[in-house]
Amino acid sequence: MKPGTQQPVNLVGAGLAGTLLAVLLARRGFAVDVYERRADPRAVASERGRSINLALAARGIVALERAGMMERIRPLMMPMRGRMIHPLSGETQLQPYGQRRNEVIHSVSRADLNRVLIEEAARYPHVRLKFRHTCLAAQPDAGVLRFRNEETSSECTMPIAPTFATDGAGSAIRSSLARSGLINVREDRLDHDYKELTIPAGGDGRHVMEPHALHIWPRGGFMLIALPNSDGSFTSTLFLARSGADSFETLTSPERIATLFRLQFPDALQLMPHLIEEFATHPQGQLGTVHTQPWHIGGQLLLLGDAAHAIVPFHGQGMNAAFEDCLVLDSLLDRHDSWHTLFADFERCRLPNAAAIAQMALENYIEMRDTVRDSTYLRRKALAMELERRFPDDFIPRYSMVMFHPEISYAEALRRGSEQEKILSELDSRATHSGVDLDRARALIAQRLT
Ligand SMILES: Cc1cc2nc3c(=O)[nH]c(=O)nc-3n(C[C@H](O)[C@H](O)[C@H](O)COP(=O)(O)OP(=O)(O)OC[C@H]3O[C@@H](n4cnc5c(N)ncnc54)[C@H](O)[C@@H]3O)c2cc1C
């Protein structure tokens, strides 16, 4: 695609995907009009209540590298080498994510990352950032997008084509297209919600737990996690059923909240002086998976990132997948000369991968809150690492494929992961006290994976 000089490209939603895409399109010379509901984050403090920090992994990093952004983003990154498991007994245990030095994921502040991307987009004179503009609907038949200017409370329309809808999990554009019968949408809400809390820095300003780990308090039906921030604090998140026993519904008083933490997370409780106050004031967030099809309306509009395929956060991949969307779109621009074929090709490439990571993210919730404590899980994880050491070209643990191997698509990681699970199960069930039958392992891998 050659940049059009007459017709601007619209981008609705200056969140993580929208701003990265704006930079990539601007680098190619497109004139990009970016509409964002919020106020300019360069001028005002960020809103609270959404995930404060995120895990950035290889897929996201590759996309940020394409945009030439890593030099500015690297200083924001806090490496996390593994999961620090906090059992009720209090003795912590680090489960490394990978076995190579670079196999780490990184905690990054959402607000800082978004601000840096906005600053970068703003450097291009042909990018126009329009904050406090809420998109109300897309009307492809009339060829317009409808907006409300939050400053003036007035409404206006803009020509639609071409538009990238990056307005996130609750996309107003997606909803308006579904209402018009132009796309099919299914939103599967998880029956667990989340609440973000803080573990402040110690008196010396430093982290009060291991800073280079993602901390997990797995408790079977629910869990608490904590990711480090560069200011010495941790952002911790409680994931809990909405209703029923041990649920948000039952946490109706400070005593009940304190009791849950005293019984289930006693070591964390000691580190959370503002627990009760934060519990009362921080919003209870919802989680879910969005299935949408098609993702585009001819060459007029394309849904991308969470707007097309929001997922639950348990694999730490929603943003990474959204950034990978931007990278794929950027590559496809070289191969197409019409928006229609470009959008269709994008959907063809990305939809199976979005479905695969949606499934793996749901599966990972069970793993994080429950299976990580299980001896069979730990034995098979060690076996998977051993097989990776011995057969590095053919056997890579599924978690590693997703987090550290962007050259392997999500769909392929899901497919290979399921074959690998069968191999691990077979080898594990036949293992003797002298260890695993490596000849059998070699034969199974050759048969099923190479
Ligand atoms: C609790 C939690 C933890 C998470 N942890 C991780 C993690 O560790 N790693 C990871 O990779 N992902 C994680 N995610 C997922 C990640 O946040 C999303 O996948 C990512 O933000 C998607 O980017 P996006 O640009 O598509 O949407 P967003 O970042 O949500 O951006 C959407 C933008 O559109 C704007 N907008 C919305 N509606 C309108 C409108 N009508 N008009 C104009 N503008 C509008 C919004 O203000 C926002 O700026 C997590 C999510 C949650 C909820």
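Counting convention: from 1, in listed order, for ligands and their atoms alike. Just the heavy atoms: all of them, side chains too, but no hydrogens, waters or symmetry mates, feed the values below. All figures in this text were calculated on a predicted structure; none of them were measured in a lab.
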Checklist entry - Does CZ belonging to Arg128 count more than 12 external heavy atoms closer than 6.0 Å? => result no

Checklist entry - Can you list the ligand 1 atoms lying under 4.0 Å from a non-hydrogen atom of Thr134? => result 41 (N), 42 (N)

Checklist outcome for this item: Ala382 meets the side-chain contact (heavy atoms from CB on, under 4.5 Å) criterion, sequence neighbours left out, with none

Checklist entry - Any idea which part of Pro313 is under 4.0 Å from ligand 1, heavy-atom wise: side chain, backbone, both or neither? => result side chain

Checklist outcome for this item: Min over Ile225, Leu145, Asp306, Ile311 of heavy-atom distance to atom 22 (C) of ligand 1 lands on Asp306

Item to check | Per-atom contacts of ligand 1 with Ala55, taking only distances under 4.0 Å to non-hydrogen atoms | outcome: 7 (C), 8 (O), 9 (N), 10 (C), 11 (O)

Checklist entry - Is it true that the side chains of Tyr410 and Gln317 contain a donor and an acceptor less than 3.5 Å apart? => result yes

Item to check | Closest to atom 15 (C) of ligand 1 among Cys135, Gly318, Ser175 (heavy-atom distance) | outcome: Gly318

Checklist entry - Is the closest basic N to carboxylate O distance between Glu324 and Arg350 below 4.0 Å? => result yes

Item to check | Centroid separation His291 to His309 less than 6.0 Å | outcome: no

Next on the checklist: Using a 4.0 Å heavy-atom cut-off, which part of His133 comes near ligand 1: side chain, backbone, both, or neither?
Outcome noted: backbone

Item to check | Ala14 heavy atom under 4.0 Å from ligand 1 | outcome: yes

Checklist entry - Are the side chain of His133 and the backbone of Asn149 linked by a donor-acceptor contact shorter than 3.5 Å? => result no

Next on the checklist: At less than 4.0 angstrom from any non-hydrogen atom of Arg38, what atoms of ligand 1 do you find?
Outcome noted: 47 (O), 49 (O)

Next on the checklist: Can you tell me which portion of Ala172 lies within the under-4.0 Å heavy-atom range of ligand 1? Options are side chain, backbone, both, or neither.
Outcome noted: side chain

Item to check | Pairs touching residues 154-175 that satisfy ring-ring contact (aromatic ring centres under 6.0 Å, His included), sequence neighbours left out | outcome: Phe164-Trp339, Phe164-Phe343

Checklist entry - Under 3.5 Å, is there a donor-acceptor pair linking the side chains of Thr134 and Glu150? => result yes

Checklist entry - Where is the tightest heavy-atom contact between His86 and Pro218, given as atom of each residue plus distance? => result O-CD, 3.8 Å

Next on the checklist: Applying a heavy-atom cut-off of 4.0 Å, say which part of Thr166 lies close to ligand 1: side chain, backbone, both or neither.
Outcome noted: backbone

Checklist outcome for this item: At under 4.0 Å between heavy atoms, what of Ala57 touches ligand 1? The answer is neither

Checklist entry - Has Arg110 got any heavy atom lying under 4.0 angstrom from an atom of ligand 1? => result yes

Checklist entry - Could an N or O of ligand 1 be found under 3.5 Å from any N or O of Asn320, whether backbone or side chain? => result yes

